[in-house]
Amino acid sequence: MNNSHIVKVSKYLSFVLRHQPEKIGIKLDPHGWVAIEELLKAAKNHKFPIWETELYTVVEKNDKKRFSVDPSGTLIRANYGHSVKVDLQLEPQIPPGILYHGTVIHVIDSIKKTGLQKMSRNHVHLSNDITIARNVAKRRNGKSIVLVIDAMAMSEDGYNFYLSHNNVWLVDEVPTKYLQIPST
Ligand code: HQG
């Protein structure tokens, strides 16, 4: 199975399991799960056939652990990154003192005004690893910048943090006062 094909399958699964399940006529349950059988059938009907072995390769080998299969082995969901409304049933957790967010300098003025917002997703995504934050920033066009978040203070002030299955920290927003923005 060649890697570029696996990347294509991963992108396709991200698209239908996070953003537009209706495009291929599937419906996620309230927690984001869908039957693997239904997903594979729908993908095939929409001219993107996926072998079951490919699907499991993507779930298991994916660099960012984007997907999970439930213990029964019959359901699949995306672990994070949704724009469709789903309740991932994550419990609030105490975050590390500091978290990072990678972005690009041309959105800094806007971030200075409104803080970090979830934009089209269900959460703002943060990392405890600055290298990961740098890589998130590099996905975008423009000069990268990494913001430092005083997660400890936010937590003490009552903001809930959730840890996704792949170590991405999720929060509803980050108001400006908790942000340290390096000068540009
Ligand atoms: C920016 C990938 C203007 C924010 C990654 C970001 C991540 C603002 C963009 C995951 C803003 C949203 C998520 C404000 C935030 N004004 N811009 N007030 N507040 N922004 O893609 O964190 O490969 O929704 O800085 O690895 O970049 O898909 O969020 O640039 O974990 O698995 O608005 O997606 O994972 O972009 O990335 P995104 P993100 P996957």
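One-based numbering, in listed order, for ligands and for the atoms of each.
Considering Thr114, Asn166, Val107 only, the shortest heavy-atom separation from atom 17 (N) of ligand 1 involves Val107. Residue nearest to atom 21 (O) of ligand 1, selected from Arg140, Arg66, Lys65: Arg140 (by heavy-atom distance). Considering only non-hydrogen atoms, atom 26 (O) of ligand 1 lies nearest to Lys64 out of Lys11, Lys64, Gln117.
With hydrogens left out, the protein atom closest to atom 24 (O) of ligand 1 is Arg121 NE, 2.7 Å, a heavy atom. At the top of the distance list for atom 39 (P) of ligand 1, counting protein heavy atoms only, stands Arg139 NH1, 3.8 Å. The protein heavy atom nearest to atom 33 (O) of ligand 1 is Met119 CG, 3.4 Å. Counting protein heavy atoms only, atom 7 (C) of ligand 1 is closest to His125 ND1, 3.8 Å.
Under the 4.0 angstrom criterion for non-hydrogen atoms, Lys113 is not in contact with ligand 1. Residue contact annotation: Gly115 has a non-hydrogen atom under 4.0 Å from ligand 1.
Using a 4.5 Å cut-off on side-chain heavy atoms (C-beta onward), Leu116 and Leu126 make contact.
When non-hydrogen atoms are compared, ligand 1 lies under 4.0 Å from neither the backbone nor the side chain of His123. Residue contacts with ligand 1, taken as heavy atom pairs separated by less than 4.0 Å, involve Leu116 via backbone and side-chain atoms alike.
Seen from the ring of Tyr80, Arg18 counts as a face-on cation partner, given the 6.0 Å and 45° thresholds.
In terms of polar-atom proximity, defined here as any N/O pair under 3.5 Å, Ser110 does make such a contact with ligand 1.
Remark: Asn141 CG is loosely packed, at most 12 non-hydrogen atoms of other residues, nucleotides or ligands lying under 6.0 Å away.
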